[in-house]
Number of protein chains: 2
Amino acid sequence: MASSLKDVARYAGVSIKTVSNVVNGYVHVSAVTRAKVQQAIAALNYRPNTAARHLRQGRSGVIALALPELRAPYFAELAGFVVEAADERSLKVLIEQTDGARDRELEITEGVPGHLIDGLILSPLALTEDDLEQRTDRLPMILLGEQITDGAADRVVVDNVAAAEEAVAHLVSLGRRRIAAIGAQDAAPGATARLRLRGYRQALRRAGIAYDPSLVIPVEQFHRHDGALAMQGLLDLAQPPDAVFCFNDLLGLGALRTLLSHGLSVPGDVAVVGFDDIEESQYSTPTLTTVAPDKEEIARTAIDLLIKRFSGDHDALPRSVNPTYRLICRESTLGG
Amino acid sequence: MASSLKDVARYAGVSIKTVSNVVNGYVHVSAVTRAKVQQAIAALNYRPNTAARHLRQGRSGVIALALPELRAPYFAELAGFVVEAADERSLKVLIEQTDGARDRELEITEGVPGHLIDGLILSPLALTEDDLEQRTDRLPMILLGEQITDGAADRVVVDNVAAAEEAVAHLVSLGRRRIAAIGAQDAAPGATARLRLRGYRQALRRAGIAYDPSLVIPVEQFHRHDGALAMQGLLDLAQPPDAVFCFNDLLGLGALRTLLSHGLSVPGDVAVVGFDDIEESQYSTPTLTTVAPDKEEIARTAIDLLIKRFSGDHDALPRSVNPTYRLICRESTLGG
DNA sequence: CTGAAAGCGCTAACAA
DNA sequence: TTGTTAGCGCTTTCAG
């Protein structure tokens, strides 16, 4: 059995309160007493019981991070940063995977973990704005990545329209005119896809290039496989594109694979741009030009917003933060 | 303020115990009472308080998974499976990153989270067998990946020697004779590297190929960068190798990049084998031959062993389980 | 500066 | 089948 405050108190010959004071770094404790208590703590290998503390103060020091899937590199990298940022604030992170399924996401926003956690960082895929407004749970929540409107909760999300536009403008500046887009999704989910598509169209319009719907390829998921498949479809076109903007790096990497296996040159025949800047994109052949959101900033911002929520301004208006991003130009557009 | 058992009891006009019985699915409750209680629960949006339950029963339903870093794809994929397996057993998973630093690992084995978790799954990099024997904490722990000997705790680990030998034997069977190894590590950590090296040497011996130390390249970390660098070194040799066995896929992918950027053909000039079977290896150009441990089995086994530990046989002898693995041959050795 | 005692929400003996 | 009660380990008034 683990030792409790009481045990330490008895061992040190002081009261429970005194031990508690020492443990919690309360200042008004005489040096002698403090030393005595600390020695007792060491002797008994005492460790404060989180459960009791949690029960008493209503704070667990644990937050949840809910994301589609850890095996997607973008989310894995982001999760790594979130855990790191949380650690700096003495918070522990519990991971939930939603698979982007709406019912899983709903369940989680409804506070499943039952008072286990102090707050939630959610990266939703399928949740609608309505779902969020229905929400009864008072658990502080930060949304990563956007729905169309904002309103129901704090959000941290890059400006997808602007970022996508910048990526496509880069292709235009390279002289490309027949620019495809891989990653469209029109189902209720896929807000991200819709915004990146909007950025794509905006860039074309600015460049005076006509919008050609046959160059916009929808996908099931944002995985390599879907990217490879979509690229295949584009190559089968009577007039294949000379550039592709992929809505994430995984799609881009899949597209790359299809292009190379057809003996085409990248960027010679087709230039490719991705989105996310996962580590792999620095090492692919060719390396992948991509929009790089500052993941560390996203993680830190999310944690800080969350902490603010459960330390006081529970009722402040929802905030929305746009983390910085930059276009990183690599071989898949510039050549090597 | 969230509602408690007491609130529900009052609302339903029954005692606390009855509500508790309903909540916990106790059978001997009359249908009428049950209905009444359930309605009250719904009306008050009651959710059992995890902290109180935890305090009372000494079980939190939360386990920790401690691994070097989430951004390494192998660990991300593994973590995904662990979270999934835990979910099936109604356990939540809290993630800790160690960066492979010994003091972080030690800290974690010493039960930092303070009674917060029911058990620990640790993938150590730097911890020594001695460290583990010193361990005072009684928290159930499962080790992922091995140290040299076994003894201090349950382990789930592929047979690295046999797997490495099989990988190298595959290269030999392809007619390669000058086979390099990337990933050696001689510091106290790096048990995995040592075992894979042993398998490599065993395969050479069996094939009657002399061991050439200049073909064994040490690395700092198991990252793409280190693999690329190591491969560079090998190409600078008077007699470069005609095959490379990389101790993980990331090293292999890095090596691939160096080879291709030098205009060499894989596997024409140099064949490459990795270890881990991360998703990326199915999509690289060329795709990567690799040893594929069954990650799902590893995760499930770890969870099950852990559950056994904290449900009864706390004191059974340490078990060691070897999950299955298989060599997946792809373009980097067979060509495509 | 230190002690005594109440109570967070729940479960598990025990009683009825 | 249902109710009563003690107590898990801690923090937090309130006294001293």
Side-chain angles (χ1 to χ4, degrees), chain A residues 1-38 40-41 44-62 111 113-118 138-139 310-311, chain B residues 1-38 40-41 44-62 111 113-118 138-139 310-311:
Chain A
M1 202 54 213
S3 49
S4 73
L5 267 193
K6 193 154 65 170
D7 302 326
V8 177
R10 192 168 7 169
Y11 187 99
V14 299
S15 83
I16 293 184
K17 178 60 176 22
T18 305
V19 181
S20 173
N21 282 342
V22 172
V23 170
N24 294 311
Y26 185 63
V27 251
H28 302 296
V29 180
S30 77
V32 200
T33 317
R34 180 183 302 278
K36 237 183 351 190
V37 171
Q38 271 160 348
I41 287 176
L44 299 178
N45 191 26
Y46 167 77
R47 260 185 262 291
N49 182 315
T50 324
R53 210 172 245 185
H54 178 187
L55 178 58
R56 191 59 237 248
Q57 356 192 70
R59 285 259 225 112
S60 64
V62 178
H115 313 205
L116 173 61
I117 56 177
D118 294 342
R138 305 297 289 133
L139 188 74
F310 59 66
S311 329
Chain B
M1 201 55 213
S3 50
S4 73
L5 268 193
K6 197 154 63 170
D7 302 325
V8 177
R10 193 169 8 177
Y11 187 98
V14 299
S15 84
I16 292 185
K17 179 62 182 6
T18 305
V19 181
S20 173
N21 282 341
V22 172
V23 170
N24 294 309
Y26 185 63
V27 251
H28 302 297
V29 181
S30 78
V32 200
T33 317
R34 180 183 304 277
K36 234 178 0 187
V37 171
Q38 271 160 348
I41 287 177
L44 299 178
N45 191 24
Y46 168 77
R47 261 186 260 292
N49 182 314
T50 324
R53 208 172 246 185
H54 178 187
L55 178 57
R56 189 61 237 249
Q57 346 193 81
R59 286 259 224 112
S60 64
V62 178
H115 313 204
L116 173 62
I117 57 177
D118 295 341
R138 305 297 287 134
L139 188 75
F310 59 64
S311 329

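In this structure, the NZ atom of Lys17(A) is 10 Å from the P atom of dT2(C), given to the nearest Å. Across the protein-nucleic acid pair, Ile41(B) atom CD1 and dC10(C) atom C1' stand 14 Å apart, rounded to whole Å. Atom CZ in Arg10(A) sits about 16 Å away from atom C1' in dA4(C), given to the nearest Å. Put simply, CG on Asp7(A) is 9 Å from P on dC10(D), counting in whole angstrom units. Note: CD1 (Ile16(B)) to C1' (dG7(C)) measures 13 Å, nearest angstrom. Going from atom NZ of Lys36(B) over to atom C1' of dT2(D) covers 11 Å, rounded to whole Å. At whole-Å resolution of the value, NZ in Lys6(A) and C1' in dC8(D) are 10 Å apart. Here the P atom of nucleotide dT11(D) and the CG atom of Leu55(B) are 12 Å apart, to the nearest Å.
For the OP1/OP2 pair of dT12(D) and a distance below 4.0 Å, the side-chain nitrogens and oxygens of Ser20(A) include no atom meeting the criterion. For the OP1/OP2 pair of dT1(D) and a distance below 4.0 Å, the side-chain nitrogens and oxygens of Asn21(B) include no atom meeting the criterion. For the pair Thr18(B) and dG3(D), the criterion of a side-chain N or O lying under 4.0 Å from OP1 or OP2 is met. Between Tyr26(A) and the phosphate of dT12(D), there is no side-chain N or O to OP1/OP2 separation shorter than 4.0 Å. Distances shown here put a side-chain N or O of Arg53(B) below 4.0 Å from the OP1 or OP2 atom of dT11(C). At dT2(C), one or more side-chain N or O atoms of Thr33(A) fall inside 4.0 Å of OP1 or OP2 (strictly under the cut-off). Within the structure, a side-chain polar atom (N or O) of Gln57(B) is placed less than 4.0 Å from OP1 or OP2 of dA12(C).
In this structure, of dC10(C), dT1(D), dT11(C), it is dC10(C) that holds the atom nearest to the side chain of Asn49(B). When distances are taken from the side chain of Leu5(A) to each of dT2(C), dG9(D), dT11(D), the shortest belongs to dT11(D). If you check dC10(C), dT2(C), dT11(C) against the side chain of Ser15(A), the one that comes closest is dT2(C). Out of dT11(C), dT2(D), dC10(D), the shortest distance to the side chain of Tyr46(A) is found at dC10(D).
Looking at every heavy atom in both residues, Tyr11(B) comes nearest to Leu44(B) through CB-CD1, 3.9 Å. Closest of all the heavy-atom pairs between Leu116(B) and Ser60(B) is O-OG, 2.8 Å.
In this structure a side-chain-to-backbone donor-acceptor pair under 3.5 Å is present from His54(B) to His115(B). Between the Asn24(B) side chain and the Tyr26(B) main chain, no donor and acceptor come within less than 3.5 Å of each other.
Within the 4.5 Å cutoff, no side-chain heavy atoms of Lys36(B) are placed close to those of Thr18(B).
Comparing Arg56(B) and Arg34(B) along DNA chain D, the residue whose closest nucleotide (by nearest heavy atom) sits nearer the 5' end is Arg34(B).
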